[in-house]
Amino acid sequence: MMEKTDSELIEAFTNGDESSFNELVKRYQVRVYWIARRSIGNHADADDIVQEVFIRMYRGLVNFRQESNLYTWLYRVTVNVSLNAIRKKKLKEFLPFDDILENILPDGSHTDSRVLDSEYHTILGSAIDRLPAKQKFVFNMRFHDELPFTEIAKILKKSVGGTKANYFHAIKKVTEYIKREINR
Amino acid sequence: MQLLEDLRGELDPETHSIITSHLDSCAACKEEYETTKIILSFSAMEQPEAPPENYWVSLLPRIRTKIDAQVLPPADGFLQRYLVPLAAAIVLIIISLRIGDIGSVSNLENTQYILQQVPETELQEYLQKQSIVGIHESKHQSRETILTSDDGAVVSDLIAGKSSVAGYVDEDPVLMYETISNQTANVIASIIASNNL
């Protein structure tokens, strides 16, 4: 039996077929999980994010206009929910959001590495962890999910040029960190 | 330029050849290529631990449980006729006060006019959440509500030039994320724009 397309499942769900929602969850749970896991850095928090994403999908499918494909939409929701989760974990004082993302501590380390409960102890993992949140997302989308820049730009609602610049800065920072660590 | 795919050996020979020729003449792409190569060589060592074996089987039932717990009871006539409009007015005024000051009468009239555009079902849902939010309020001195639209974007991020502000009071988190539809997010954005907040 041929597998139903996302559009067919969405239509069935909006017509009252709950099993179609279940099917969509099974179809995308692995991908959504790993987007979340690479963003937040540990399984427990990733699990919370995944659940929240699919609950939002449940609520949002009836209004989903299919202007983008479902995976793009889910990716965007996951990025936003992950960003919110990162904010919650990071915030210890009243700061504007942009400062939080870029905040460098007096000892030179980055807030990401201090506040996030990350499991990454490898050089590369630590390097990625130290990236500002938006660069980290772009890096993960390109490097791990191999999404084209046009798709990444759509998901993040940014320009393609800006997205490419983000990626380029990210890989430079990662490489510089790696070189520093291996030359210690 | 599919440098990553080329380094992973995922491209056909013709495309690979085009990329190789290009790298001979483009310093920027060459730099990106070499940088990506270094990262790839380390990524082989980067193996996050897989989730527990039963995780994928357990995920859907847990999601279902949460969804079922959030299903709202049908609204009765009294609720719809009186409490919902009142709650709606309170909701948007609170939201607006959190984001900025709209003390003037003309702004309140404007708010009420815009309020009529907010879907009623969503306001009912907000009422339901308020009863849960009330538990949080009793525990904390103050709270900051961060509103998100249903694709997760923070509402204040939708407003050009504004950043989210959030924080802690007495080491306890005071952030709460209320989910509203994109339609309502746009309504709030128009309130803020019309009040020059």
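In what follows, chains are A, B, ... by sequence order, proteins preceding strands, each numbered from 1. Basis for what follows: all heavy atoms, side chains included, without hydrogens, waters or symmetry-related copies.
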Over 12 non-hydrogen atoms of neighbours within 6.0 angstrom of CD in A:Gln29:
yes
If you take all heavy atoms of [X] and [Y], which pair is closest and at what distance?
X: B:Thr35; Y: A:Ile171; value: CG2-O, 3.3 Å
X: A:Arg142; Y: B:Leu4; value: O-CD2, 3.0 Å
X: A:Phe143; Y: B:Leu40; value: CZ-CD2, 3.7 Å

I would like to know whether B:Gln2 and A:Glu146 meet side chain to side chain contact (heavy atoms under 4.5 Å, CB included); could you show each step before the answer?
CA-CA 9 Å; B:Gln2 298 168 287; A:Glu146 292 188 33; over 6 Å; no
Among [options], who wins on heavy-atom pairs under 4.5 Å with chain B?
options: A:Ile178, A:Val79, A:Val174; value: A:Ile178
options: A:Val50, A:Leu74, A:Val30; value: A:Val30
options: A:Val53, A:Asp47, A:Thr175; value: A:Asp47

B:Ile18, B:Leu7: one ILVMFWY side-chain cluster at the under-4.5 Å cut-off?
no
Kindly determine whether A:Tyr167 and B:Thr36 satisfy side chain to side chain contact (heavy atoms under 4.5 Å, CB included), including the steps that lead there.
CA-CA 11 Å; A:Tyr167 177 71; B:Thr36 308; 4.3 Å; yes
Taking it one step at a time, do B:Ile38 and A:Lys179 satisfy side chain to side chain contact (heavy atoms under 4.5 Å, CB included)?
CA-CA 9 Å; B:Ile38 293 172; A:Lys179 285 178 179 171; 3.8 Å; yes
Contact class of A:Glu176 relative to chain B, heavy atoms under 4.5 angstrom:
neither
Find the distance between [atom1] ([X]) and [atom2] ([Y]) and round it off to the nearest 0.5 Å.
X: B:Arg64; Y: A:Ile55; atom1: CZ; atom2: CD1; result: 11.0 Å
X: A:Glu18; Y: B:Asp68; atom1: CD; atom2: CG; result: 8.0 Å
X: B:Tyr55; Y: A:His43; atom1: OH; atom2: NE2; result: 5.5 Å

Begin from the C-alpha positions of B:Ile67 and A:Phe21 and carry the test side chain to side chain contact (heavy atoms under 4.5 Å, CB included) through to its verdict.
CA-CA 12 Å; B:Ile67 288 170; A:Phe21 170 78; 3.8 Å; yes
Are any of the side-chain heavy atoms of B:Ile39 and A:Phe139 separated by less than 4.5 Å?
yes
Is a salt bridge present between B:Glu32 and A:Lys172, judged by a nitrogen-to-oxygen distance below 4.0 Å?
no
Does the distance from a Lys or Arg side-chain N to an Asp or Glu carboxylate O, for A:Glu52 and B:Lys66, drop under 4.0 Å?
no
Where on B:Glu34 is there a heavy atom nearer than 4.5 Å to chain A: the side chain, the backbone, both, or neither?
neither
Return the option, out of B:Arg62, B:Glu31, B:Glu10, with the maximum number of heavy-atom pairs under 4.5 Å with chain A.
B:Arg62
